Amino acid sequence: MVSIIVGIIFILGLVFMALSPSVAGFGLGWGQEIIAFLKGGTPVLLALLGIISIFIGIADIKDKRDAKKEEEAMRLEEENKQ
């Protein structure tokens, strides 16, 4: 419940910051600066997400390879017991 209230407060704060006082009668008029920030930050964010995705993919491949080796070792161990 608290997180919903905090989320609503944050969204209302964003609206207040983005609206222009000349249009809505209140606000800070930061709309253009917010858009400029988003335009500048998006490539950096995508690069970081891409790097993280590559690392996760490599770790996943290693985990699958290790699991396959363990499965093969367990299978051989079971065959040796029989």
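The model shown is predicted, which means the values in this text are computed figures rather than measured ones.
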Among Val44, Leu48, Thr42, find the residue that satisfies the side-chain contact (heavy atoms from CB on, under 4.5 Å) test when tested with Leu46.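 So the option named by the test is Thr42.
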
Could you check Ile52, Ile58, Ile54 and say which one makes a side-chain contact (heavy atoms from CB on, under 4.5 Å) with Ile56? Ile52

Applying side chain to side chain contact (heavy atoms under 4.5 Å, CB included), can you list everything that pairs with [X], at least two apart in sequence or on another chain?
{"X": "Ile34", "value": "Leu14, Ala18, Trp30, Leu38"}
{"X": "Ile8", "value": "Ile4, Leu12"}
{"X": "Val2", "value": "Val6"}

Partners passing side-chain hydrogen bond (donor to acceptor under 3.5 Å, both in side chains) against Gln32 (at least two apart in sequence or in another chain): none

Answer yes if Met17 and Val15 sit in the same cluster of Ile, Leu, Val, Met, Phe, Trp and Tyr residues linked by side chain heavy atoms under 4.5 Å apart, and no otherwise.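 Same hydrophobic cluster.
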
What are the two closest non-hydrogen atoms of Gly27 and Pro21, and how far apart are they?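 Taking every non-hydrogen atom into account, O-CG, 3.2 Å.
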
Inter- and intrachain pairs under side chain to side chain donor-acceptor pair (under 3.5 Å), touching residues 59-75, at least two apart: Glu72-Arg75, Arg75-Glu79

Could you note down all residue pairs passing side chain to side chain donor-acceptor pair (under 3.5 Å) where residues 2-26 supplies at least one of them, sequence neighbours left out?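 Listed once each, the pairs are Ser20-Ser22.
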
